[in-house]
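First the proteins, then the strands, lettered A, B, ... as listed; each starts at 1.
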There are 4 protein chains.
Amino acid sequence: MMIIMKQGYSQEEFDSVMKRLEEAGLNGHPIIGVEKTVIGVVGQIYPEMADDLETMPGVSDTVPISAPYKLSSREFKPEDTVVRVGDVEIGAGKTIFIAGPCAVESEEQIMTTARAVKAAGAHILRGGAFKPRTSPYSFRGLEVEGLKLLAQAREETGLPIDTEVMSVRDVDVVAKYADILQIGARNAQNFILLEEAGRTGKPVLLKRGLASTIEDWLLAAEYILNMGNKNVMLCERGIRTFENATRNTFDINAIALIKQISHLPVIADPSHGTGKWSLVTPVALAAIAAGADGIIVEVHPNPDHAKSDGAQSLNPERFRELVRQVDVVGGALGRPLAPSMAKAGA
Amino acid sequence: MMIIMKQGYSQEEFDSVMKRLEEAGLNGHPIIGVEKTVIGVVGQIYPEMADDLETMPGVSDTVPISAPYKLSSREFKPEDTVVRVGDVEIGAGKTIFIAGPCAVESEEQIMTTARAVKAAGAHILRGGAFKPRTSPYSFRGLEVEGLKLLAQAREETGLPIDTEVMSVRDVDVVAKYADILQIGARNAQNFILLEEAGRTGKPVLLKRGLASTIEDWLLAAEYILNMGNKNVMLCERGIRTFENATRNTFDINAIALIKQISHLPVIADPSHGTGKWSLVTPVALAAIAAGADGIIVEVHPNPDHAKSDGAQSLNPERFRELVRQVDVVGGALGRPLAPSMAKAGA
Amino acid sequence: MMIIMKQGYSQEEFDSVMKRLEEAGLNGHPIIGVEKTVIGVVGQIYPEMADDLETMPGVSDTVPISAPYKLSSREFKPEDTVVRVGDVEIGAGKTIFIAGPCAVESEEQIMTTARAVKAAGAHILRGGAFKPRTSPYSFRGLEVEGLKLLAQAREETGLPIDTEVMSVRDVDVVAKYADILQIGARNAQNFILLEEAGRTGKPVLLKRGLASTIEDWLLAAEYILNMGNKNVMLCERGIRTFENATRNTFDINAIALIKQISHLPVIADPSHGTGKWSLVTPVALAAIAAGADGIIVEVHPNPDHAKSDGAQSLNPERFRELVRQVDVVGGALGRPLAPSMAKAGA
Amino acid sequence: MMIIMKQGYSQEEFDSVMKRLEEAGLNGHPIIGVEKTVIGVVGQIYPEMADDLETMPGVSDTVPISAPYKLSSREFKPEDTVVRVGDVEIGAGKTIFIAGPCAVESEEQIMTTARAVKAAGAHILRGGAFKPRTSPYSFRGLEVEGLKLLAQAREETGLPIDTEVMSVRDVDVVAKYADILQIGARNAQNFILLEEAGRTGKPVLLKRGLASTIEDWLLAAEYILNMGNKNVMLCERGIRTFENATRNTFDINAIALIKQISHLPVIADPSHGTGKWSLVTPVALAAIAAGADGIIVEVHPNPDHAKSDGAQSLNPERFRELVRQVDVVGGALGRPLAPSMAKAGA
């Protein structure tokens with residue numbers, strides 16, 4: 001950390017800062033510049049230290065030097081993390097697909113979708129049983145009944161299941177049925193939920209919050225990793241900006257940057273990232289080109305009758321075409337589709 | 001809702017849309033314009049309807065007409081809601097203060113602060129027992145021990161207590177000790193927590209999320225109101241924008257607008273809204289001038305030794321001066337400070 | 001500036017950085033920390049130096065220490081700048097009003113408005129002759145004819161004139177008629193226009209850009225000040241954020257912060273800052289409470305027939321009430337309205 | 001346009017609105033809903049009409065139906081626009097590269113770079129002679145001398161030249177030397193400059209403003225198109241958001257969306273879009289995958305000695321590798337590199 005002193009600070013103020021560092025077991029290295037005096041601080045700094053120092057008389061500002069996340073950083077672990085879900089490897093250099101409806105609506109809907117996405121080459125089935133909705137008046141999911149239908153779909157198709165957990169109260173029941181616990185954007189800084197999801201040891205798909213910086217997001221992952229759970233996947237799903245022609249602004253930079261600074265797999269969600277089905281394919285291709293390890297996408301057998309997110313869902317035919325194109329782009333870059341059970345079974 | 005048809009839509013597509021509306025028990029009124037055809041829809045529209053319609057062939061877009069929130073709207077309830085907490089009335093035309101440390105750190109710290117803020121004219125004591133922290137490595141509060149210390153401070157000073165509840169798992173214990181349940185910005189769309197907080201019937205102070213639009217925020221309030229709990233207060237604490245000279249961007253427009261469109265009391269949090277103690281007073285005065293019903297502010301007996309948020313905390317002396325200035329501005333506008341126990345006891 | 005080295009940098013890389021600093025006549029002070037090595041740099045640093053250094057092998061990042069603006073800073077000039085426009089003093093501790101229509105539309109419209117705002121207590125008349133419009137199909141002002149009408153209004157009422165200059169091509173003609181040259185938000189980083197406006201020596205009202213940070217904004221002021229023109233006023237008019245219930249997000253923090261870090265007067269524009277006439281009064285009061293030196297506001301004799309910005313314009317009666325309330329709040333804080341000619345003449 | 005009436009509007013207010021529409025030669029179609037009354041408006045609506053109507057008593061809001069841009073829309077012109085610059089076709093289904101230094105610094109620098117980018121396969125040379133800089137104290141370009149050096153580089157290499165014009169004052173001289181006039185992000189709503197650039201008839205590369213919505217951007221293009229100049233190319237270069245780990249947030253959604261709603265070619269600028277050379281290649285590949293017609297990229301023979309934007313510039317070797325990878329991804333999608341003179345000459 002660097003401490004920047006105010007212009008015209010007094011010797012007494014300077015001495016207080018140095019004494020405070022000493023009390024905390026830290027070494028301060030003053031640099032007297034033409035305009036400013038700066039104190040470089042060496043040693044183990046606890047996060048609140050900066051706040052404290054900034055309120056001391058004579059101190060203008062503090063500047064952190066080290067990133068605040070550790071376990072998610074490539075400096076901590078240089079080699080890629082590979083998350084295994086059943087037979088599927090995520091982050092191992094091949095592209096994977098997680099596909100399915102926004103919400104589980106009925107046995108017929110989820111079974112039809114599961115068969116269709118499997119046939120098209122998906123590796124994992126997604127579907128919401130507990131649904132976070134901006135309005136209390138919207139459809140909120142079949143809850144445990146939905147989890148059971150997902151398990152039934154897994155039994156028939158062999159596809160592992162990714163589903164959202166919205167509350168610490170539901171962690172156990174969701175973990176009982178799901179292969180991947182998904183943490184939604186609106187819970188991206190629900191720190192107790194992050195820890196409880198971490199505690200299960202199950203793979204966690206952590207969506208980025210609407211207002212989370214990349215640093216916030218990696219710190220959220222840190223809550224899960226810190227519980228000893230190494231199976232964390234990051235999911236870019238767009239951030240909130242002034243642009244309103246699309247539902248969110250998909251942050252393609254974040255995908256490229258995180259692959260450089262973190263060892264965790266990155267999954268792209270072009271359905272929420274754009275909010276329009278017509279943009280899902282180009283943005284999915286872009287995400288793969290930027291380095292994403294996989295795509296999570298909403299597929300509905302009949303999007304215009306979906307109970308939620310119909311406008312951003314693909315029908316099975318369009319999904320098939322998406323998988324084909326992703327394989328072309330991923331293949332050209334040495335990251336083709338991972339083998340799927342559909343092909344394995346063929 | 002208005003349905004906007006694409007240019008060059010077919011008669012068959014138009015007929016499908018009209019049929020779909022009929023199936024849903026809605027009346028469609030087509031308006032054939034020079035460039036566009038629009039269908040006005042009359043009747044009870046469920047929230048997903050727009051999504052569904054947007055995916056139909058020939059449909060370009062839909063535009064909502066009514067705001068999606070009801071119970072929090074002045075159209076639903078024109079007169080101001082007054083929330084009563086002990087002897088304090090919030091939203092009744094007088095200005096109130098909620099003050100105390102970011103986190104309860106020790107008996108001495110909370111008792112000293114409680115006495116100081118009471119003496120300065122505060123109406124309610126704030127203090128965090130459960131602390132949401134961006135990093136898992138930060139101080140996270142004394143938890144139940146902190147609640148007990150708050151209760152002890154209430155016993156001595158008579159000040160009601162506002163404290164944050166971070167998880168459904170803690171709702172019961174927090175409700176047992178607290179007079180106001182505070183929902184933090186990072187839980188502003190933790191919908192299950194909103195419902196559980198609503199269920200307690202206790203007054204709820206609902207902070208705005210970092211990326212919540214005013215509409216999102218009122219819909220979040222709707223989750224609490226919808227449980228039959230009418231004691232909801234909205235707390236503006238700044239939103240996340242590109243400006244990084246301040247911790248957040250305090251949205252003064254939101255205070256003025258919400259007082260016009262909603263009947264709920266609005267509290268301003270200039271501590272988080274600015275992140276700098278030197279900005280707390282001018283922004284608090286601004287909030288009162290714009291119509292806020294009260295101020296929540298971080299006060300610490302010794303800000304540069306605070307375990308969290310020291311940089312944005314006032315010391316008791318500065319707090320006293322803030323109260324004085326708020327009384328001047330509020331008084332000039334006919335909204336002076338509500339009587340406090342300090343004065344009552346004097 | 002601080003240079004932060006990458007983990008695992010080589011001695012050779014370190015030596016190159018030190019050599020590079022030496023070449024530039026700067027002294028580097030290395031601090032070897034547990035996790036990171038940092039080099040403090042002392043001396044006159046040109047702005048591109050950081051960019052250059054960041055591309056050197058072994059360098060992770062650079063962190064500036066000094067703010068990049070000088071002339072606009074309180075460190076450079078501690079006492080408040082007072083801008084004189086005719087008999088009006090801006091920044092001298094009294095509150096001033098600049099009022100008038102968005103655009104000059106006709107002789108009758110501007111003369112009626114000028115008389116009305118003078119009668120209500122305004123100090124300066126505003127009115128657009130050259131209008132920047134998002135769409136080329138919108139009304140774009142009466143241009144030179146509009147300037148002449150403004151001059152005529154000044155002659156009759158004695159009110160000095162503030163009007164926008166949109167292009168270097170028009171600087172001379174606008175400077176010939178106007179008392180204050182206004183630079184609009186969309187030209188806030190039109191650097192050549194800033195210099196040319198500076199060169200005239202006339203007072204400049206510099207609006208903040210929609211995406212300008214406070215630092216960007218002060219650097220834009222620096223372009224004008226750097227031409228030897230000290231008569232710069234900053235105008236907060238809202239920034240662009242995700243919130244779309246209001247036209248812009250008025251940044252009240254910016255007003256409070258700039259009064260602390262800069263000596264320049266700050267004017268608030270609640271008309272553009274909110275986009276809704278019903279929010280103009282509460283946000284104007286807030287701006288004064290936060291420390292603004294004055295208010296610029298759109299007034300139209302008949303807002304619902306205005307050729308531009310009708311939705312955010314006050315009619316004369318509402319303007320009169322605004323002036324009254326601002327005087328109450330400003331007066332309570334020791335910053336009442338400056339004497340106006342209306343009163344002087346009374 | 002749809003006019004939404006307030007709840008509880010009076011018959012008189014309704015009649016005034018209908019009369020006002022009639023005066024403007026428009027037909028109003030009222031739809032009386034359960035909660036709201038809406039008036040659909042048919043006819044030629046001028047842009048200010050909405051503003052006017054919103055201020056009328058009884059009116060709650062207006063909602064536009066048609067997009068405000070015309071000439072840039074696919075509804076106006078369904079087939080792709082192809083811009084020809086010398087022998088290069090932009091927007092014709094093959095991928096093109098515009099490459100060169102941020103600023104022209106010297107004869108040696110620009111000639112070396114021009115040869116290097118030509119050899120690597122670039123189609124057009126970029127280089128700044130007039131440089132917009134956030135701070136007045138930064139290097140601001142060689143101006144006319146820089147234009148002459150660019151012309152010299154064109155003479156030797158045969159590469160057409162793209163360079164920025166910052167001010168109406170320089171339009172003639174820049175148009176005399178340049179093959180493409182570039183409008184920078186900070187001038188994206190400098191409407192007079194847009195018109196003057198349009199008037200030259202030269203191809204214009206229009207960068208998106210830091211805070212421009214897609215609609216704002218297309219309306220800016222409209223200023224150029226409206227002068228009869230059809231040679232407009234749009235350049236996505238990132239928008240300003242809360243994320244600060246990258247210089248800007250590259251809006252990949254915008255590329256995909258604009259290819260659907262507009263016929264104009266879209267060029268991606270990953271140098272400014274990310275601000276870090278290590279992110280340039282993945283984001284360039286992403287842009288091509290999303291549908292961009294070409295890439296503009298900063299290349300410097302010696303980035304760590306560049307006078308501006310060194311941190312985001314590629315050296316020639318890295319540029320060669322970028323071209324190769326873009327050809328792989330573009331080729332896989334049927335949009336390989338356009339033939340370059342380097343290859344033609346081979």
Problem set entry | A:Glu321 with A:Arg324: basic N within carboxylate O range, under 4.0 Å |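 Yes, charged N to carboxylate O under 4.0 Å.
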Problem set entry | D:Arg74 and D:Asp80 ion-paired at < 4.0 Å |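 D:Asp80 and D:Arg74: salt-bridged.
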For this session: Could you tell me whether a side-chain N or O of A:Thr95 sits under 3.5 Å from a main-chain N or O of A:Gly330, the two making a donor and an acceptor?
Result: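 No, because the side chain of A:Thr95 does not come within donor-acceptor range (under 3.5 Å) of the backbone of A:Gly330.
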Exercise. Do you know which of D:Ile252, D:Asn253, D:Thr246 has the most heavy-atom pairs with chain A at a distance under 4.5 angstrom?
Worked result: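 That would be D:Asn253.
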Exercise. Looking at D:Val329, D:Asp251, D:Ile239, D:Thr281, which one has more heavy-atom pairs under 4.5 Å with chain A than the rest?
Worked result: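 Result: the option with the highest number of such pairs is D:Ile239.
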Exercise. Just wondering, more than 12 heavy atoms not from A:Glu317 lying within 6.0 Å of its CD?
Worked result: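 Open.
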Problem set entry | Proximal component of A:Thr274, with respect to chain D [non-hydrogen, under 4.5 Å] | both
For this session: Could you tell me which portion of A:Asn248 (side chain, backbone, both or neither) has an atom closer than 4.5 angstrom to a non-hydrogen atom of chain D?
Result: backbone
For this session: For each of A:Val283, A:Leu333, A:Leu279, tally heavy-atom pairs with chain D at distances under 4.5 Å, and name the one with the top tally.
Result: A:Leu279
For this session: Given side chain to side chain donor-acceptor pair (under 3.5 Å), test A:Gln260 with D:Ser278 step by step and report yes or no.
Result: CA-CA 9 Å; A:Gln260 293 178 8; D:Ser278 66; 3.0 Å; yes
Exercise. Which bit of D:Thr213 is near chain A, if near means a heavy-atom gap under 4.5 Å: side chain, backbone, both or neither?
Worked result: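 Both backbone and side chain of D:Thr213 come within 4.5 Å of chain A.
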